[in-house]
Engineer: 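Let me begin by handing over the structure; questions about it come next.
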There are 2 protein chains.
Amino acid sequence: MPAEPIARSPSGPDAVLRRLSGYAPLAPDEEALLRRITARPVPVPARTELVRDGEAMPRPQVLVEGWACRQRLLADGRRQIVVVLLPGDLIGLGQRRRPLPFGSVATLTSAQVCEAGPLRDCAAWGDGPPGREAGDGTGQPGTGLAAALWQARETEELWLVNQVVRLGRQTAYERVAHFLLELRERLAAVGRVQDERFSFPITQEVLADALGLSVVHMNRTMQQLRRDGLIEQRATAITLRDVPALISIADYAGARRL
Amino acid sequence: MPAEPIARSPSGPDAVLRRLSGYAPLAPDEEALLRRITARPVPVPARTELVRDGEAMPRPQVLVEGWACRQRLLADGRRQIVVVLLPGDLIGLGQRRRPLPFGSVATLTSAQVCEAGPLRDCAAWGDGPPGREAGDGTGQPGTGLAAALWQARETEELWLVNQVVRLGRQTAYERVAHFLLELRERLAAVGRVQDERFSFPITQEVLADALGLSVVHMNRTMQQLRRDGLIEQRATAITLRDVPALISIADYAGARRL
DNA sequence: CGCGGTCTTGAGGTTCCTCAAACCTGGTGG
DNA sequence: CCACCAGGTTTGAGGAACCTCAAGACCGCG
């Protein structure tokens, strides 16, 4: 289930480029590097582990198609999905000298993945053609791939913060609304939202594990959202029928307002 | 309430040095830089906002004494503490070009804080005397302040993952156990745990907001832990009476095993 | 001594969970 | 073509965890 009919929305490799160039303008050779990296995506079936939990130096990879997640398993089998990964997202860019329980990374659907080794140095050091602009006092990477990767990392942290707030202080109903809005924003950044409608290829069980709920309650909550006319689900796609209402319910502060 | 009698445990500025040098060996001039930065700590009362929510380029700071937190407030007044900050922790090292709702940073107790502007460039670029060692294929910062700052950032992400798992899939009882173990590990890294006993200067309300519980339930959960002989609380200090049991209850995987 | 902040306790309600079964759908093999 | 199966969704019923409201107890401090 390669998630999308090839003809329609932007192709996988494109997602990576779109996402990173959304953070900072890329030089031509940087774009070329990304194209080279994403040239030959490797198909991966659903439920495949891409990074083992505790791996110290995971292989850097890029998800070009399909959905994945970072998750942690408890000893008794409970699972918490820490963050959902979408096309264009980076995997395993972190580097630790000691194995730390960051959780494993696994595909949720069939997916396509590329090795992205070259990005690691770049992310770690602010390499890249535009030259470092350190010492300008701002510490702000100006442009280029390094800046984009830095920004991508910041954004990932934002997703984690969002997840904490959802799980800690929101009801099931609010959590789902908030989560859907976040997905919408992230998918829009790679051109995969049209008319508030996007692909939604995960089961309610996965959703439950992401939002800290039981499958049963997840199901009932989705029904409620449908009955309230906020969302509409058909096959493996979802439509947000009333975004302003969702934003209000979820108290959602995306990348825009604050 | 400066949290600690000055005579006893390591002094504030020391905490910063301890923590960073725990990640990577520092060059003498790097140590000197840190000492210079932490030379004149500024006292800050409890409940002071150090970073406003959405601030794009927060001033880099270092917490040398007292506790603080990153938190996000919902429109109706609910509060979620995203992560608790302890002596030696860094604040506002992130840099974003756009305001993002990362949450505000506020002190939980009276505290002492230092400006740490110089660290920003260092964190962003891997500056620092030892010279960059990019291109060695590993992408692993070898030694020095840059490496330590990178590692500190990774560790912060680990705290976020822990928080997500606690809030998403653990019971109140388990959450508290897990949280206390994390505090113990972090405080031990700056030499502030003796005989499984450490300063614990926060109210149950704060604890509740950190662990996504109501104050009342928080209280009852603490009582249960006490009755079970797992912890012992006196004034503003806490003792973990049975660490192995706590680890088992919380399914805790710290920096060591896995 | 009184006061504000924190902790504690009780009672009743809500949200969410578990267990269990039915149903629906798409795919597979006879 | 249909029976069957696996995975996913839906429903019902009862229970556990957690919440809210409200009041009382404790404690350091002015």
Side-chain angles (χ1 to χ4, degrees), chain A residues 1-3 45-47 67 74 76-80 107-110 166-179 199-228 231-238 249, chain B residues 1-3 45-47 67 74 76-80 107-110 166-179 200-228 231-238 249-250:
Chain A
M1 187 223 310
R47 281 164 226 216
W67 289 26
L74 299 191
D76 61 359
R78 279 175 288 180
R79 165 171 83 156
Q80 177 62 46
T107 53
L108 294 171
T109 70
S110 69
R166 277 192 294 258
L167 296 175
R169 280 297 182 225
Q170 295 197 295
T171 66
Y173 197 73
E174 295 166 337
R175 276 180 223 185
V176 178
H178 197 281
F179 184 66
S199 162
F200 195 70
I202 55 177
T203 67
Q204 295 187 348
E205 186 187 353
V206 168
L207 209 41
D209 281 340
L211 296 181
L213 301 169
S214 70
V215 187
V216 172
H217 198 61
M218 188 72 248
N219 181 292
R220 293 187 166 128
T221 305
M222 292 295 279
Q223 288 181 49
Q224 191 61 46
L225 283 163
R226 267 179 257 147
R227 258 180 271 125
D228 295 347
I231 64 174
E232 198 177 313
Q233 222 180 339
R234 267 189 356 264
T236 60
I238 197 170
I249 288 163
Chain B
M1 189 220 314
R47 283 164 224 215
W67 290 25
L74 299 191
D76 62 0
R78 278 175 288 181
R79 166 170 84 155
Q80 177 62 45
T107 53
L108 294 171
T109 69
S110 69
R166 276 191 296 256
L167 296 175
R169 281 297 182 225
Q170 295 199 294
T171 66
Y173 197 73
E174 293 166 338
R175 276 180 223 185
V176 178
H178 197 281
F179 184 65
F200 195 69
I202 55 178
T203 66
Q204 295 187 349
E205 185 186 355
V206 168
L207 208 42
D209 281 340
L211 297 180
L213 301 168
S214 70
V215 187
V216 172
H217 198 61
M218 187 71 249
N219 181 293
R220 292 187 166 127
T221 306
M222 293 295 280
Q223 288 181 48
Q224 191 60 47
L225 283 163
R226 269 179 255 147
R227 257 180 271 126
D228 295 347
I231 65 174
E232 199 177 312
Q233 222 180 337
R234 267 190 354 265
T236 60
I238 197 170
I249 288 163

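Chain letters run A, B, ... following the sequence lines, proteins first, then strands; residues in each count from 1.
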Engineer: Distance only, no hydrogens: is a donor on one side chain within 3.5 Å (strictly under) of an acceptor on the other, for R220(B) and Q223(B)?
Structural biologist: no

Engineer: I'd like to check V176(A) versus Q224(A) (side-chain heavy atoms, cut-off strictly below 4.5 Å). Are they in contact?
Structural biologist: no

Engineer: Testing L167(B), L74(B), D209(B), L211(B) one by one against Q80(B) for a side chain to side chain contact (heavy atoms under 4.5 Å, CB included), which residue passes?
Structural biologist: L167(B)

Engineer: Nucleotides 14-19 of chain D: which of its N/O atoms have a protein N/O under 3.5 Å away?
Structural biologist:
from	atom 1	to	atom 2	distance (Å)
dC18(D)	OP1	A172(B)	N	3.1
dC18(D)	OP2	H217(B)	NE2	3.1
dC18(D)	O5'	H217(B)	NE2	3.4
dC19(D)	OP1	S214(B)	N	3.1
dC19(D)	OP2	S214(B)	N	3.1
dC19(D)	OP2	S214(B)	OG	2.9

Engineer: For DNA chain C, note the earliest and the latest nucleotide, 5' to 3', having some atom under 4.0 Å of a heavy atom belonging to chain A.
Structural biologist: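 Counting from the 5' end, contacts occupy dC16(C) to dC19(C).
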
Engineer: Scan R226(B) against the nucleic acid and name what it touches under 4.0 Å (heavy atoms): base, sugar-phosphate only, or nothing.
Structural biologist: sugar-phosphate

Engineer: Just how far is it from atom CD1 of I238(A) to atom CG of L225(A), taken to the nearest 0.5 Å?
Structural biologist: 8.0 Å

Engineer: A quick test of your reading: do over 12 heavy atoms of other residues, nucleotides or ligands sit less than 6.0 Å from CD of E205(A)?
Structural biologist: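 Atom CD in E205(A) is not crowded, with 12 or fewer foreign heavy atoms closer than 6.0 Å.
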
Engineer: Do any side-chain nitrogens or oxygens of Q204(A) fall under 4.0 Å of OP1 or OP2 in dT10(D)?
Structural biologist: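 Looking at the OP1 and OP2 atoms of dT10(D), one of them is under 4.0 Å from a side-chain N or O of Q204(A).
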
Engineer: If I compare all heavy atoms of W67(A) with all of S199(A), which pair ends up nearest, and what's the gap?
Structural biologist: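 For W67(A) and S199(A), the tightest heavy-atom pair comes out as CZ2-O, 3.3 Å.
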
Engineer: Check the distance between dT9(D)'s P and N219(A)'s CG and give it to me in whole angstrom.
Structural biologist: 8 Å

Engineer: For residues R169(B) and L213(A), report the shortest heavy-atom separation together with the two atoms involved.
Structural biologist: NH2-O, 2.9 Å

Engineer: May I ask you to say what R47(A) touches in the nucleic acid, namely base, sugar-phosphate or nothing, with a heavy-atom cut-off under 4.0 Å?
Structural biologist: sugar-phosphate

Engineer: Please report the interatomic distance CD(Q204(B)) to CD(Q233(B)), rounded to the nearest 0.5 Å.
Structural biologist: 7.0 Å

